[in-house]
Amino acid sequence: MEQIRRTKIVELLQSTAFGAQVNVKGWVRTKRGNKQVNFIALNDGSCIHNIQIVADVASFDEALLRRITTGAAVSINGEITESSGSGQKVEILAKEMEVMGDCDVDKYPIQPKKHTLEFLRENAHLRFRTNTFGAIARIRHAMIFAVHEFYTKKGFVNIHTPIITASDAEGAGEMFKVSTLDYDNLPRTEEGAIDYSQDFFGKATNLTVSGQLEGELAALAMGEIYTFGPTFRAENSNTSRHLAEFWMIEPEMAFYDLDDNMDLAEEFLKYLIQYALNNCMDDLQFLSKRLQEEEKNKKADERSMELIEKLQFVLSNDFIRLPYTEAIEILRNSKPNKKGKFKYPIDGFGSDLQSEHERYLVEKHFKKPVILTDYPKDIKAFYMKQNDDGKTVRAMDVLFPQIGEIIGGSQREEDYDKLVTRMKEMDVPHEEMWWYLDTRRFGSVVHSGFGLGFERLMLFVTGMGNIRDVIPFPRAPKTAEF
RNA sequence: UCCCUAGUAGCUCAGUUGGUUAGAGCGGCGGACUGUUAAUCCGUAGGUCGUAGGUUCAAGUCCUACCUGGGGAGCCA
């Protein structure tokens, strides 16, 4: 074959250089045709759309055409032409074709037809080759970039917090142990406990559940920082909204109170959504169409808003900011509560809100994102700033429709004595946390931060229903394939 | 971890109160068609009914346990 530099399909589809000789490489999605002419739909991952290759059957070996099957990798030299078909403006009239990698159709699991998401999840190594997962991968990348762009523009400093940590005091969930000890022959202390002094780090270590505490250390010197890294939770939670390994963005800001914190969270989420609308429209439109097909099978009152409309709706509305005690009042007086429709009836101050309550507030009562603030201190973490009422803390949860809690954050307790007292009350080993407490001993200031679950954001932006479909290789209980 | 639900052809599913040789669509393959868009039309191959027990003259169908998937709950991001 003549050597021509490869052009990506995303560029070819924009091209008007009719007559130009180009090379295109990619994977065959479908082939159809008759004795005279073959049409090959080719995709190279550069965009959701395929380019149509037109091959005059008489110009090619029958054996070669036979090898061009769904899934095969091919390299094609040809001429950019104006399409005479109705589905596209541009196509490639093939001059030379080469099969780079054959694909045995009897064994290849991805067929040119609709597959269920469950089936593709079991074939996650090949699901990038479908329109849906190609779109999700491109949107995920765009969102990663937008996160860094947002904070860079605001002058935040990105901090890599440790993935292996000796701190077990975050209280954010069960942890995965990190060890090089021989499980079949564990060293023991005289009391019979496992002797971690002989372990790699000389103490018990875990995978991080949050970079927040280290983030605070950086914020109380750099001013405004953010982390963006993997976090690990060994909770046995089997839901469509939880992963054992997920990515989290945790900004932490000195001199920010809770109001500043909420302003930032809202601006941040809207920035990301706007970025997706500005840069991923083709992929969003595809996902939207896909969702609409699915929605057809649902009852009218269970159907959700069209994807792009939903994203624009969030952009054009202020988030509701609501203290916990007011939320309780709304729920107490709500129809479902009075009619006994809630599985967990609202009786008063102190109880944590169940997902049915959050969903009622977001989806039924306000019909827009809600930031709940000032939760009872007993259901929140030790580091949250205590209010003067002695009952609540300066916490904030951002609740999104369908997803629930997308952001959790708070103003932090900057007072050394109050923090230590709270740690003792909640059995947090404050001696081990001396390094964290030092920030409150030396130049402590008002500061705040929050955590955004990146995959939860992806759920919202893509409209997907299962969190295992918005991360390439999901890790969950009994699930570590690929 | 708890509750509900499902597992039948490569994929998506149907299979009646338990009853003879287990069905369809899509996909594959073969053929027809001068430009198709998930092409269309004709033909064709393809199944240890999740696994292990049990009930019964007889089990895809009923019962038990386990495995795996899905939905919901809790935990949270």
Side-chain angles (χ1 to χ4, degrees), chain A residues 29-41 49-58 66 69-71 81 83-88 91 93 103-123 130-131 170-174 209-212 229-250 265 293 342-344 352-359 379-381 397-400 403-409 450-460 465-471 476-479 481:
Chain A
R29 285 291 172 81
T30 60
K31 186 180 77 167
R32 55 186 171 269
N34 52 43
K35 273 207 170 117
Q36 281 69 39
V37 61
N38 274 195
F39 302 98
I40 302 161
H49 303 294
N50 304 324
I51 194 152
Q52 174 156 283
I53 310 295
V54 183
D56 180 16
V57 171
R66 201 179 289 272
T69 57
T70 296
T81 53
S83 180
S84 52
S86 58
Q88 61 282 315
E91 62 188 23
L93 188 59
C103 185
D104 184 343
V105 290
D106 287 334
K107 296 185 179 126
Y108 185 54
I110 311 296
Q111 303 170 353
K113 58 163 287 188
K114 257 225 156 94
H115 291 292
T116 59
L117 295 171
E118 291 81 22
F119 175 76
L120 293 171
R121 217 169 285 151
E122 285 163 16
N123 292 279
T130 64
N131 285 331
E170 280 95 337
E174 287 296 310
V209 292
S210 164
Q212 181 199 314
T231 46
F232 308 87
R233 308 246 169 119
E235 302 285 351
N236 189 14
S237 44
N238 286 287
T239 81
S240 53
R241 296 183 304 281
H242 291 85
L243 290 165
E245 176 181 302
F246 64 100
W247 291 70
M248 191 152 61
I249 298 123
E250 295 179 286
E293 296 278 315
F342 284 143
K343 200 175 163 196
Y344 299 90
D352 205 355
L353 299 180
Q354 309 292 319
S355 9
E356 60 177 348
H357 306 135
E358 296 179 352
R359 292 191 71 141
I379 57 172
K380 287 290 177 186
D397 284 3
V398 181
L399 308 178
F400 262 40
I403 290 154
E405 186 178 343
I406 196 167
I407 278 180
F450 60 82
L452 168 71
F454 186 62
E455 283 76 19
R456 296 244 172 115
L457 170 84
M458 282 294 297
L459 280 179
F460 186 74
N466 193 315
I467 203 161
R468 297 178 193 196
D469 293 331
V470 294
I471 187 168
K478 301 275 189 303
T479 306
E481 196 66 66

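In what follows, every chain begins at residue 1, and chains take the letters A, B, ... in the order their sequences are listed.
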Within the 4.0 Å heavy-atom criterion, would you say [X] contacts the bases, only the backbone, or no part of the nucleic acid?
X: I407(A); result: sugar-phosphate
X: G451(A); result: sugar-phosphate
X: Y344(A); result: sugar-phosphate
X: Q354(A); result: sugar-phosphate
X: Q52(A); result: base
X: S240(A); result: sugar-phosphate
X: D106(A); result: sugar-phosphate
X: K478(A); result: sugar-phosphate
X: T116(A); result: sugar-phosphate
X: N466(A); result: sugar-phosphate
X: F39(A); result: base
X: L457(A); result: nothing

Does any donor atom in the side chain of R233(A) or T231(A) lie under 3.5 Å from an acceptor atom in the other side chain?
no
How far does CG of D397(A) sit from CD of E405(A), to the nearest 0.5 angstrom?
3.5 Å
Output for pair (I407(A) CD1, L457(A) CG), nearest 0.5 Å, gives 8.5 Å
Nearest heavy-atom contact between C103(A) and T70(A) is SG-O, 3.4 Å
Rounded distance in Å - [atom1] ([X]) to [atom2] ([N]):
X: Q111(A); N: A38(B); atom1: CD; atom2: C1'; result: 13 Å
X: E358(A); N: C75(B); atom1: CD; atom2: P; result: 9 Å
X: I467(A); N: G70(B); atom1: CD1; atom2: P; result: 13 Å
X: L399(A); N: C76(B); atom1: CG; atom2: P; result: 14 Å

Using modelled atom types only, decide if a donor and an acceptor are shared between the side chain of E455(A) and the backbone of W247(A) within a distance under 3.5 Å.
yes
Please check if the side chain of R121(A) supplies one atom and the backbone of D469(A) the other of a donor-acceptor pair under 3.5 Å.
no
OP1, OP2 of [N] versus side-chain N and O of [X]: anything below 4.0 Å?
X: R359(A); N: A73(B); answer: no
X: N34(A); N: U34(B); answer: no
X: R241(A); N: A73(B); answer: yes
X: R32(A); N: A39(B); answer: yes
X: S355(A); N: A73(B); answer: yes

Return yes if the base of [N] and the side-chain atoms of [X] contain a donor-acceptor N/O pair under 3.5 Å, otherwise no.
X: H115(A); N: C11(B); answer: no
X: R66(A); N: C29(B); answer: no
X: E91(A); N: U37(B); answer: no
X: N38(A); N: U36(B); answer: no
X: E118(A); N: G7(B); answer: no

Between Q36(A) and K114(A), who's closer to the 5' end of RNA chain B by nearest nucleotide?
K114(A)
Which residue, P112(A) or S237(A), contacts RNA chain B at a nucleotide closer to its 5' end, judged by nearest heavy atom?
P112(A)
Would you say that T130(A) contacts H115(A) through its side chain, given a criterion of any heavy-atom pair below 4.5 Å between the two side chains?
no
Is there a Watson-Crick or G-U wobble partner for U44(B) with both distances under 3.5 Å, and if so, which one is it?
G28(B)
